2 protein chains.
Amino acid sequence: MTKPSVVDVARIAGVGASTVSRVLNNHPNISDQTRQRVLSAIETVGYTPNLNARSLRSGQTQAVSVLLPMTGTPFYDTLLTAIHGVLDQHGYDLALFPLLGAQRIRRFKDPGALLYRADGLLISSQNPEVLYGSRPPFNKPIVLVDAHHPQYHSVHFNNVAAGRMAAELTLSRHLPVVLLDVPVRPGDLESPVFLERRAGVLDVLQRHGITPIVTLQAPASIEGGRDAAQQLLDWAHPHPVAPFFMVALSDDLALGVQRHLLSAGLHAGRDYLLMGFDGSAAAAEAGITSVAQPVAQMGRTAADVLLGALEGQLKTITQRTFAPTLQEAPSTQALTLM
Amino acid sequence: MTKPSVVDVARIAGVGASTVSRVLNNHPNISDQTRQRVLSAIETVGYTPNLNARSLRSGQTQAVSVLLPMTGTPFYDTLLTAIHGVLDQHGYDLALFPLLGAQRIRRFKDPGALLYRADGLLISSQNPEVLYGSRPPFNKPIVLVDAHHPQYHSVHFNNVAAGRMAAELTLSRHLPVVLLDVPVRPGDLESPVFLERRAGVLDVLQRHGITPIVTLQAPASIEGGRDAAQQLLDWAHPHPVAPFFMVALSDDLALGVQRHLLSAGLHAGRDYLLMGFDGSAAAAEAGITSVAQPVAQMGRTAADVLLGALEGQLKTITQRTFAPTLQEAPSTQALTLM
DNA sequence: TAAATTTTTGGCAACGTTGCCAAAGTATGC
DNA sequence: GCATACTTTGGCAACGTTGCCAAAAATTTA
């Protein structure tokens with residue numbers, strides 16, 4: 001027994017094939033009586049439409065591909081959920097295509113790749129090879145999320161402004177500044193995220209003639225933050241650590257620092273000030289000030305831009321930049337110095 | 001200008017459409033001369049095949065869907081790379097469908113979901129709702145990876161045996177046993193992984209009349225391990241921590257423990273013994289013994305099983321169980337007791 | 001009641017591909 | 001040189017769907 005098609009349904013219901021199609025697509029001008037007959041016929045034969053035929057006919061897939069790195073941070077979770085929510089409401093389904101290793105990027109040059117079996121493409125990758133290599137062989141809408149490129153529709157976060165915002169807060173506290181930076185991973189081109197945040201921070205500080213008393217480097221993780229905190233203690237040794245304001249370029253780093261310094265008896269917001277980036281829930285819970293990024297909103301906007309390109313045929317390139325907001329917490333309350 | 005099709009190519013090359021098709025599909029009995037003509041015609045018009053038409057005609061998509069949780073642990077990275085490697089060689093492309101939130105699981109009941117636009121389905125989820133809910137509306141091969149269910153082809157790891165293996169090693173060292181367990185997350189059904197490992201450990205210990213002197217619980221992360229280590233120090237206080245053998249149910253936990261106890265002056269392999277699970281590179285680097293899981297091999301096997309079901313039509317349900325191997329490191333070297 | 005109008009329906013074609021069959025072309029054997 | 005075999009090629013149909021058009025049915029109007 002082969003999978004039933006519209007003609008099978010039509011035969012059972014005693015109608016024409018196009019009538020079945022009309023019922024399936026909610027066309028007007030169908031008598032309730034025939035609609036019911038068709039519906040029950042669909043039920044009895046267990047009909048499900050053949051998507052390939054539908055796509056062939058219509059030239060559309062009702063699918064959107066998302067190209068993204070395989071890092072399972074909460075960031076992508078939030079972003080994807082937001083994107084999916086919007087696109088789902090408009091009848092689009094979502095498939096993910098992870099960037100597995102640099103050599104696999106070659107695959108994206110093949111116009112026959114599954115990735116391109118979609119009506120639109122969302123790219124959330126800072127990978128320069130993806131962004132600055134040849135344009136994908138895909139003449140349908142492409143939107144960049146959390147990335148930026150003049151030739152594509154982009155929805156991104158202003159990391160430079162975020163850096164500036166952090167520096168401004170720093171200035172208001174009149175304390176020595178410690179910068180906790182993220183090193184370039186070997187073999188990997190530097191992610192523009194940290195580069196931009198750093199640039200923002202240093203730009204504002206420089207304008208005010210301030211230089212960090214020390215700059216630490218650690219991978220952007222909680223453990224990295226702990227290492228950096230230890231570096232700081234070692235560096236200060238044997239001198240006591242004076243009150244300072246640490247700007248960590250990510251919330252994970254800030255969390256690690258806070259936890260590690262706590263075991264040395266130092267409390268953020270009491271003995272030193274601390275802030276991070278991303279506006280994560282973890283930072284908020286830990287009472288750490290953070291420059292927040294509206295991740296879900298960016299996801300929704302990216303989906304909206306894609307829908308616009310998909311349905312409304314917007315011709316000019318759309319660039320949406322999201323500004324940072326400050327998520328204040330006890331960790332940056334002005335110290336009562338003695 | 002519309003996208004060129006085989007007939008366009010055929011017209012340019014001065015041949016029939018089916019000849020173009022034959023060239024595209026590497027059929028035999030094509031003269032080199034016409035093949036060249038067709039090839040250059042394809043080049044000049046920039047032809048790329050329409051996958052929807054191809055799928056409609058052939059009833060196949062040359063695609064495999066992977067259903068998996070959105071946790072971006074290195075585990076899934078390795079697994080996916082292995083799966084992709086095998087399937088790619090056989091001409092199959094891979095699309096990922098993340099399990100975003102419990103409510104989205106409902107989507108998998110829709111037979112029209114993009115997920116099912118594939119020739120086969122790989123499910124790598126411990127989520128009981130996925131495994132024990134109604135069978136997906138998909139009458140093509142389904143293979144479970146890193147999960148187990150009597151009704152599906154499954155490729156999985158014997159976590160009970162892994163637990164046993166850990167316990168055996170423990171016994172040989174004749175030290176008090178500390179078990180570092182993973183708690184049930186609220187609202188979430190317990191992942192069978194830790195349940196099985198725990199069962200294996202406790203089973204062997206019990207047979208030898210041994211009970212852990214203390215059982216700690218922490219979420220399976222490095223930070224969780226650090227918390228657990230602190231718990232242990234608190235618990236032992238004011239008594240000094242005697243030499244013990246800690247079995248942590250994941251490598252991340254073990255890593256956290258090691259790092260935290262180090263700051264208390266305790267060295268794994270010198271003052272206490274420690275082991276984890278997963279065989280991660282991080283554990284190996286840190287000198288921590290681990291019960292290893294052949295992740296890449298499991299991925300390859302899962303792909304092979306799927307290919308078998310796809311091409312060879314294997315009728316009986318295939319179950320492949322992978323046994324643990326011990327990845328020994330200094331952290332479990334016999335202590336020279338004083 | 002017949003004509004005009006509107007609603008509802010079926011037939012046909014086409015989306016782009018490939019398998020099948022038959023026809024045309026080429027080579028081999030007697 | 002002609003029959004036989006083999007190679008290469010083109011035409012046609014079909015995969016399942018939906019849009020268009022015209023036909024049929026139902027409804028309104030005169």
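By convention in this document, chain letters (A, B, ...) are assigned in the order of the sequence lines, proteins followed by strands, and residues within each chain are numbered from 1. These numbers were taken from a predicted model, which means no experiment stands behind them.
- For A/Leu56, the side-chain atoms get nearest to C/dG16 when compared with the rest of C/dT17, C/dG16, D/dT17.
- Side-chain contact check for B/Val64 versus B/Asp93: every heavy-atom pair is 4.5 Å or farther apart.
- Regarding contacts with the backbone of D/dT7, every side-chain N or O of B/Asn29 stays at 4.0 angstrom or more from both OP1 and OP2.
- The shortest non-hydrogen separation linking A/Met298 to A/Val145 is O-CG1, 4.5 Å.
- Applying the 4.0 Å criterion to OP1 and OP2 of D/dT9, one finds that B/Thr34 has a side-chain N or O inside that range.
- For the pair B/Leu51 CG and C/dT17 P, the interatomic distance rounds to 9 Å; values are reported in whole Å.
- In this structure, the CD atom of B/Gln33 is 10 Å from the P atom of C/dT26, given to the nearest Å.
- Rounded to whole angstrom, the span from the CZ atom of B/Arg35 across to the C1' atom of D/dT7 amounts to 14 Å.
- In the set D/dC20, C/dG19, C/dG16, C/dG19 carries the atom at the smallest distance from any side-chain atom of B/Ser18.
- Following rounding to the nearest Å, B/Lys3 (NZ) and C/dA14 (P) show an atom-to-atom distance of 20 Å.
- Taking the side chain of B/Arg22 as heavy atoms from C-beta on, and the options D/dT17, C/dT17, D/dT9, the nearest nucleotide is D/dT9.
- Residue contacts for B/Val15: at a heavy-atom cut-off of 4.0 Å it reaches the sugar-phosphate backbone alone, with no base atom in range.
- In terms of heavy-atom proximity, B/Tyr76 sits nearest to B/Leu68 at CD2-CD1, 3.9 Å.
- Atoms CG (A/Leu24) and C1' (D/dG19) sit 15 Å apart, rounded to a whole Å.
- Distance A/Arg11 CZ to D/dT17 P: 13 Å, rounded to the nearest Å.
- Heavy atoms of B/Pro28 sit nowhere under 4.0 angstrom from any nucleic acid atom.
- At the phosphate of C/dG10, OP1 or OP2 sits under 4.0 Å from a side-chain N or O atom of A/Thr19.
- Residue B/His27 places none of its side-chain N or O atoms closer than 4.0 Å to OP1 or OP2 of D/dT8.
- Residue A/Ser31 places at least one side-chain N or O closer than 4.0 Å to OP1 or OP2 of C/dT9.
- One atom, CG of B/Asn52, and another, P of D/dG16, lie 15 Å apart when rounded to the nearest Å.
- Rounding to whole angstrom units, CZ of residue A/Arg37 and P of C/dG10 are separated by 8 Å.
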### From CA spacing to verdict: ring pair (Phe, Tyr, Trp, His ring centres under 6.0 Å), A/Tyr116, A/Phe138
CA-CA 6 Å; A/Tyr116 301 124; A/Phe138 184 69; 5.4 Å; yes

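- Backbone-only contact: B/Ser5 has heavy atoms under 4.0 Å from sugar-phosphate atoms and none from a base.
- A cation-pi arrangement, defined by a distance under 6.0 Å to the six-membered ring centre and an angle within 45 degrees of its axis, is present between A/Arg135 and A/Tyr152.
- Of all nucleotides listed (C/dC20, D/dT17, C/dT17), D/dT17 comes nearest to the side chain of A/Tyr47.
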